[in-house]
Structure formats: structure tokens, C-alpha cells
Novice: 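Questions regarding the structure given below will be posed in turn.
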Amino acid sequence: MSSTVADLIVETLKNAGVQRVYGLPGDSLNGFTDALRRDGNLAWEHVRHEEAAAFAAAGEAAVTGELAVCAGSCGPGNLHLINGLFDANRSRVPVLAIAAQIPSVEIGGNYFQETHPQELFRECSVYCEMAGIPGQFPRILNIAIRSAIEKRGVAVLVIPGDVLVENFEKKGPAATIRPSGTVQRPGDAELDAAAEALNRDDRVTILAGAGCQGAHDEVVEIAGVLQAPVVHALRGKEFVEYENPYDVGMTGLLGFSSGYRAMEHCDTLLMLGTDFPYRQFYPSDATVLQVDRRGEQIGRRTNVDIPLVGTVKDTIQALLPRLTPKSDSSHLERSLKHYKKARKGLDELADNDRNRTPMHPQFVAKAIDELASEDAVFLADVGTLSVWAARYLHMNGKRRLVGSFNHGSMANALPQAIGVQASNRSRQVITLSGDGGLAMLLGDLLTLKQLNLPVKLVVFNNGALAFVELEMKAAGFVTYGTDLEDPNIAAVAQAIGLHAQRVEHPDELEGAIRAALEHDGPALIEAMVARQELSMPPTITLDQVKGFTLFATRTILSGRGDELIDLGETNLARRVFS
């Protein structure tokens, strides 16, 4: 039976459970998009920028766990995918990118729009190859899909446009490639060594990350046996925070003091499925055990005494029978007491004076949390929006929190929301967007309207790249180049055809959010929030104190002392400068 290479790709994608492809059309991609048109079963989700296509695929893969697909035409078309693919690969979600190439006969001659995608995409993928002749299919296609699924990362398939439309003889139905079920745990010797260390020391703290997905009950059970406080990294929040009597909050630059102290004061640190990157937050003198299914990841951030290669769920199940339940709960009780105090302080910062404008961003984040549905998916832009999401959005086992938490790219929330919503149009999808982040891919508001995706965007408009300003202040620099001269973003959204409202007064916020959530199409709320709002890390270093002092001195000498007055209005600022 004769068919084109593009037809085979479409059939194989359907067999792998793929239901849609994100991208922009282009001449080198025409063979593939035409195959989609003729087949009629895979949706072509037409975005306005290829970066949005890659982020959308990453968002879909993050919430479904299934393979998602994006595509770009030759040269600039597929190069625009690269930032979103970096995010997907670092977040370890399965994405296949189809990167069309110039005509085969022209490769190597500096042809119009010529690049070498198989070289450019190699750093952001687990598999990246060019298929230059039809005879390479279906084998190379199957390898790419299986690599993305099993390695949980990005596979890039580079295909010249002329190859997509070439015929070849099929020798049977396309392969069906789905994830394989496995059990992965350390060997008995490693488990015995881990149990000996955990049984020996009284003050054990658990640091839990995204690798705890699907292992919530096991994490809670081992925390109870060890009487161990559970600290979570940002990507672990949605999997371990809820229904967990041992949770003491988050650590790291976006966390707060109780998580930091629970790690600082432990004798033994048990790391579960986390690649938490900030070395300054690890304990300086503790026995460290690390569980990760990827052995090469172990020990990258801090010295590890006992490496345990396996999934969190399988490893804990094998480890529990070897543990002796602890009776001393003093370390846990101190950590929980500290968490209660820290949580109270954070909640107080979210109380907004009804006459105060612009509003506290914490007040807006708390309102979103209270009004969102029980199974909402939240997408947070990087910077201060990730801080407010981490501190004020409550997880319950049904809600999801997705962001560019490893790659740290601006402009992630809107395009990731496109992928999440496209994969489930009935689920509530809410972004916490910055005015700077939204502006980067502002054109994809048009995508929401064109595809009629009922995403709800809450834009925290503070007229600045606020987190960059905070970094400048901490390093002693006078803020410069961070101003944003925004239009009325709600009016822009209205012109596009979205339901939109600008909120300047706190009394208007709840009604505006409710109206947006009840609207049956895409909606945007533009919340005018305070620019000078400090998001304090769990601990303040001497270098940061020196940096803020230097910033204050330079700011006064440059004639911009009003910034210090604005900072002085917040409780957080008084903690810094006192």
C-alpha cells in the first residue's frame, strides 16, 4: 500500500494517542499539514508564534503525561520553537517536534532560510536526527517517539519538505507506541544502608520534588514513620503539599523560612525525586540520601552519602519494612510550629486595605485561590508570579500548577495555558501572568479567540519587570531599564474579542474574577498591583544586606529616593532595612 511520509507520521501519531498538533503553516511543512487536513482526525492548533506552539505542547504534556506534538517550517519557523522546547526538556515532559527542512538537494548550499536544526536542537532534546530519505521511515519516527516517551523529554525529527510528500510502500500498520510500566528500586544493599542511616539519626528532614508525582501516600507514610518534616521544592508543591500533616512549606529563593530551617537543623536529609538547584539552601553538615530514577542526576547539587536509584514510590515501598518508627517528634514539632508562624505572616501580607491602591499582588493571588475550582490548572509566569503562586495557591490533589520552573523563561503562562485548555476544554485554566511576560507573546491572545479556548488570564500589572528590579536591588544596582509603558491591557483584550476588565480598586476584584470564571469563552482580568513589593527569600545573606544598602545609597544619590519611600510602605521592606 502506497502512502506519503507525512501520512505515515499522522497515522503513527494517532496510534501514540496524539490528538492535536500545535504550530504555524509554511511551505516546507505543507506536506504534513495537508496530510492532517486529509486525515481529519488530528486537530491543527494554529498559534501565532512557534514559541507558543512549543510551550503549548509542553503544557499539554505536563498535565496529561502523554506525548504532545508541535511543528515548525524551515529556518526561522522551527528556530522559534527552541525556547519552548528547552522548557519542555528541562521539565521532563514528552514532546515531539517536527522541524521541516529546506529541499534536500539544497542542503549545504546556504539556501534561503537554511539552518541545521539537527545541530541547533541537540542541546534541548533527548533525541534529534534528520531523516533525509523515505527509507528511514518508519524506523526513525518510532525511535523519536519512543525516546520522547521513555526518556520523558523532547525528540526532534528534522525532515526536508520534499521528503514529507514522497511515496513509499507500507509493509503493515503503523506502530503503536505507548509508555511502558516498570518497577524501579535500588538494590538490597543500598536499601539496607539507607535504612541504617535513617534509623540512626533523630532529626530527619524530607525534601520532596516533582519526582513524587504519584507517590503522595508513600511520602506521607515515610514522613510519619521518621517523624520528619516534609519540605517541598516548587515543582513538588502540587504532589506533596495537600493532606500532609508533616508539610512545613517550601524552601529556595521563592520559599519561606520554615522550609529553610527544617533543612538547616536536620541530621539527615532524605531527598525524594528532586533536583533542587540552589546549593546555598542545603544543610552544611548532614547525612544526605537522594532518591532519583536517573542515577546521573544524583549528587549534582550537594554531596550525597547514599545514592538510591529508583522511583520515589517503588523505593519508599521497599524501604518502609526496613525502618523503625521513631518516637522522638521534637524536630517535627519545632518545624511545624515554625511553619504555622511563617504561614500566618504570609497570610497577613495578603490582607489588603480596602482603600489601598494599587493592590498588594498577594491579595490578588489569594483571591484567585479562593475563587478557583477544585480541579483548576494554574499557569504562573516566572518571577514574582511564581512567588505568589508558590505561597498562596493551595493544592488539593486535583489542582495542578505548571510553569517554567526549571528553564525560567518569561512568557510561559499564556502559551502553556493554550495547550492545557486545548487538551481539556471543560477544565478551568487560570494564568497568573505578568504584564512583561504577557507582552512577549501578546499576539497569542488572538489564538485564544481564534480557537475559542476559555482560558482565564489574570494579569498582575505593576508597570515593571519587578523580579528583575528586586534582583538589581539585592545586588546593589539602581533599577534601570525595567519600566514598562503598558497600554490598557484589558482594552487590548476587548479589541481582540475577549471578555476583559481592568481592576484598580480592591472592592472590584472578587466580582471581576467571578465574572471572568463564569464567562464561557476566553477572559482577561487586568489587576493593577503595587510595583514596590518585596518577595523575601527564606533567609537573608550578608551580601544581600550589603546589596540593598548600596542600592539605597545609590538611589538617593541619583535623586530617586521616592522608590525607598514606596518600599518603606511594606512590612517586608522594614524587615530588610531594620
Novice: Is it true that a side-chain atom of T64 and a backbone atom of E66 form a donor plus acceptor pair closer than 3.5 Å?
Specialist: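 Pair found, side chain donor or acceptor close to backbone of E66.
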Novice: Pairs of donor and acceptor atoms involving the side chains of residues 486-499, under 3.5 Å and at least two apart or interchain, shall be tabulated with distances.
Specialist:
unit_1 : atom_1 : unit_2 : atom_2 : d
N488   : OD1    : A490   : N      : 3.1
N488   : OD1    : A491   : N      : 2.8
Q494   : NE2    : A500   : O      : 2.8

Novice: Do R399 and F239 meet the cation-pi criteria used here (NZ or CZ under 6.0 Å from the six-membered ring centre, within 45° of the axis)?
Specialist: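 Here R399 fails the 6.0 Å and 45° test against F239.
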Novice: Can you tell me which residue among E50, E60, E45 is in a side chain to side chain donor-acceptor pair (under 3.5 Å) with Y22?
Specialist: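 Among the candidates, only E60 passes.
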Novice: For the OG1 atom of T482 and the CD atom of E469, what is their distance to the nearest 0.5 Å?
Specialist: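 With rounding to 0.5 Å, OG1 (T482) is 3.5 Å from CD (E469).
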Novice: Between D381 and L438, what is the shortest heavy-atom contact and its length?
Specialist: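 Closest approach of D381 to L438, heavy atoms only: OD2-N, 4.0 Å.
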Novice: Looking at CD of Q450 and NE2 of H46, how far apart are the two atoms once the value is rounded to the nearest 0.5 Å?
Specialist: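 It comes to 6.0 Å.
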Novice: Specify the closest pair of heavy atoms between L81 and G72, including all atoms of both residues, with the distance to one decimal.
Specialist: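 Taking L81 first and G72 second, the nearest heavy atoms are CD1-N, 4.0 Å.
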Novice: Given the rule in the side chain to side chain contact (heavy atoms under 4.5 Å, CB included) test, do V154 and F121 qualify, once you have shown the distances and angles that lead to the verdict?
Specialist: CA-CA 9 Å; V154 170; F121 286 99; over 6 Å; no
Novice: Which atoms form the tightest heavy-atom contact between R48 and G443, and what is the distance?
Specialist: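 Minimum heavy-atom separation between R48 and G443: CG-O, 3.5 Å.
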Novice: In terms of side-chain geometry, is the basic nitrogen of R294 or D275 positioned less than 4.0 Å from the acidic oxygen of its partner?
Specialist: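 No salt bridge links R294 with D275.
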Novice: Please tell me if the side chains of Y278 and T251 come closer than 4.5 Å, counting only heavy atoms from C-beta onward.
Specialist: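 Contact flag for Y278/T251 side chains = no.
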Novice: Output, in order, the C-alpha distance, side-chain angles, deciding distance and verdict of side chain to side chain contact (heavy atoms under 4.5 Å, CB included) for D435 and F460.
Specialist: CA-CA 6 Å; D435 49 337; F460 291 60; over 6 Å; no
Novice: Is there a side-chain contact between L385 and T431 (heavy atoms, below 4.5 Å)?
Specialist: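 Not in contact.
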Novice: Do side-chain atoms of R502 reach the backbone of I525 as a donor and acceptor pair under 3.5 angstrom?
Specialist: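 Checked: no pair found.
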Novice: Thinking salt bridges, do D483 and R531 make one under a 4.0 Å N-O criterion?
Specialist: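 Counted as a salt bridge, because a side-chain N and a carboxylate O are separated by less than 4.0 Å.
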Novice: As a quick check of understanding, evaluate side-chain hydrogen bond (donor to acceptor under 3.5 Å, both in side chains) for T357 and E504, giving each step before the final call.
Specialist: CA-CA 7 Å; T357 56; E504 297 182 351; over 6 Å; no
Novice: With heavy-atom distances below 4.5 Å as the criterion, would you say the side chains of P117 and L79 are in contact?
Specialist: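 No - every pair of side-chain heavy atoms lies 4.5 Å or more apart.
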Novice: Will you find, in the side chains of D87 and S404, an N or O donor that is under 3.5 Å from an N or O acceptor?
Specialist: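 Yes - a donor-acceptor pair under 3.5 Å links their side chains.
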Novice: To the nearest 0.5 Å, what is the distance between OG on S147 and CG on L157?
Specialist: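 Answer for the OG-CG pair, S147 versus L157, is 10.5 Å.
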Novice: Looking at G211, is its backbone amide N or carbonyl O close enough to the side chain of R235 to form a donor-acceptor pair, meaning the two atoms are under 3.5 Å apart?
Specialist: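 Flag not set: sc R235 to bb G211 has no pair under 3.5 Å.
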Novice: Checking N244 side chain against V220 main chain: does a donor-acceptor pair fall under 3.5 Å?
Specialist: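 Here the side-chain-to-backbone pair does not exist.
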Novice: How are the rings of Y242 and H216 set to each other: parallel, tilted or perpendicular (split at 30° and 60°)?
Specialist: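 Ring orientation of Y242 relative to H216: parallel.
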Novice: What I'd like to find out is whether the side chain of R20 reaches to under 4.5 Å of the side chain of S423, using heavy atoms alone.
Specialist: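 They are in side-chain contact.
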Novice: What's the shortest heavy-atom distance between F281 and G252, and which atoms?
Specialist: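 Smallest heavy-atom distance, with atoms named: CZ-C, 3.6 Å.
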Novice: Evaluate V63 against V402 for side chain to side chain contact (heavy atoms under 4.5 Å, CB included), listing each step before the verdict.
Specialist: CA-CA 8 Å; V63 295; V402 179; 4.0 Å; yes
Novice: Can you tell me how far CG of L96 sits from CG of L13, rounded to the nearest 0.5 angstrom?
Specialist: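 So the CG of L13 and the CG of L96 are separated by 6.0 Å.
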Novice: Please check this pair: side chain of N462 against backbone of V529, looking for a donor-acceptor N/O pair closer than 3.5 Å.
Specialist: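 No, because the side chain of N462 does not come within donor-acceptor range (under 3.5 Å) of the backbone of V529.
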Novice: Rounded to the nearest 0.5 Å, what separates atom OG1 in T447 from atom CD in Q421?
Specialist: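 Taking OG1 in T447 and CD in Q421, the distance rounds to 13.5 Å.
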Novice: With the side chain counted from C-beta on, respond yes when D444 and P415 share a heavy-atom pair under 4.5 Å apart, and no when they do not.
Specialist: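 Sidechains of P415 and D444: no contact.
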Novice: Does W388 reach the side chain of V364, with side-chain heavy atoms less than 4.5 Å apart?
Specialist: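 Side chain of W388 against side chain of V364, heavy atoms only: no contact under 4.5 Å found.
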Novice: Nearest 0.5 Å, what's the NE2-NZ distance between H519 and K456?
Specialist: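 It is 6.0 Å, given to the nearest 0.5 Å.
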Novice: Inspect the surroundings of NZ in K14 and state if more than 12 heavy atoms from other residues, nucleotides or ligands are less than 6.0 Å away.
Specialist: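 Check passes, neighbour count above 12.
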Novice: Is a salt bridge present between R152 and E150, judged by a nitrogen-to-oxygen distance below 4.0 Å?
Specialist: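 No.
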Novice: Looking at every heavy atom in both M359 and A527, which two are closest together, and how far apart are they?
Specialist: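 So the two residues come closest at CE-CB, 4.0 Å.
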Novice: Can you tell which of K344, R356, K366 makes a salt bridge (Lys or Arg N to Asp or Glu O under 4.0 Å) with D351?
Specialist: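 Only one option passes, and that is K366.
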Novice: Decide, yes or no, whether a salt bridge links R391 with D347 under the criterion of side-chain N to carboxylate O below 4.0 Å.
Specialist: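 No.
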Novice: State whether the side chain of T384 and the backbone N or O of V387 hold a donor-acceptor pair below 3.5 Å, judged by distance alone.
Specialist: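 Not at all, since once roles are kept as given, no pair shorter than 3.5 Å links the two residues.
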Novice: Which of these, I145, I9, V18, sits in a side-chain contact (heavy atoms from CB on, under 4.5 Å) with V69?
Specialist: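 Between V69 and the candidates, side-chain contact (heavy atoms from CB on, under 4.5 Å) is satisfied uniquely by V18.
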Novice: Between V312 and G273, what is the shortest heavy-atom contact and its length?
Specialist: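 Scanning both residues, the minimum pair turns out to be CG2-N, 3.6 Å.
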Novice: When you check the gap from the basic side-chain N to the acidic O, do R514 and E518 get nearer than 4.0 Å?
Specialist: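 Result for this pair is no, no salt bridge flagged.
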Novice: Can you tell me if E370 has over 12 outside heavy atoms packed within less than 6.0 Å of its CD?
Specialist: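 Correct, the count exceeds 12.
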Novice: Decide yes or no for L453 and R425: does some side-chain heavy atom of the first lie under 4.5 Å from some side-chain heavy atom of the second?
Specialist: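 They are in side-chain contact.
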Novice: Between S28 and N30, is the side-chain hydrogen bond (donor to acceptor under 3.5 Å, both in side chains) condition met? List the steps.
Specialist: CA-CA 6 Å; S28 57; N30 283 345; over 6 Å; no
Novice: Measure the acute angle between the ring planes of H407 and F86, then classify it against the limits of 30° and 60° as parallel, tilted or perpendicular.
Specialist: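 If you compare the ring of H407 with that of F86, the planes turn out parallel.
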Novice: Of L432, I368, V503, which is the lone residue that meets side-chain contact (heavy atoms from CB on, under 4.5 Å) with V458?
Specialist: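 Testing V458 for a side-chain contact (heavy atoms from CB on, under 4.5 Å) against L432, I368, V503 leaves exactly one candidate, I368.
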Novice: Side chain to side chain contact (heavy atoms under 4.5 Å, CB included), that's the test. Do L414 and L448 meet it? Break it down for me.
Specialist: CA-CA 9 Å; L414 167 59; L448 294 183; 3.7 Å; yes
Novice: Just do the side-chain hydrogen bond (donor to acceptor under 3.5 Å, both in side chains) check on N83 and S409 with the steps written out, would you?
Specialist: CA-CA 8 Å; N83 192 47; S409 172; 2.8 Å; yes
Novice: Would you mind reporting whether C70 and V95 have side-chain heavy atoms less than 4.5 Å apart?
Specialist: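 Yes - at least one pair of side-chain heavy atoms lies under 4.5 Å apart.
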Novice: In this structure, which one of L234, L254, N412, V382 forms a side-chain contact (heavy atoms from CB on, under 4.5 Å) with F405?
Specialist: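 The residue from L234, L254, N412, V382 that satisfies side-chain contact (heavy atoms from CB on, under 4.5 Å) with F405 turns out to be L234.
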Novice: Mark yes or no for whether H360, through its side chain, and Q362, through its backbone, hold a donor-acceptor pair below 3.5 Å.
Specialist: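 A pair under 3.5 Å: no.
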Novice: Run the salt-bridge test on K398 and E374 with the 4.0 Å N-O cut-off and return the result as yes or no.
Specialist: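 The answer is no: the pair does not qualify as a salt bridge.
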Novice: Got a donor-acceptor contact below 3.5 angstrom from the S258 side chain to the V248 backbone?
Specialist: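 It does hold such a pair.
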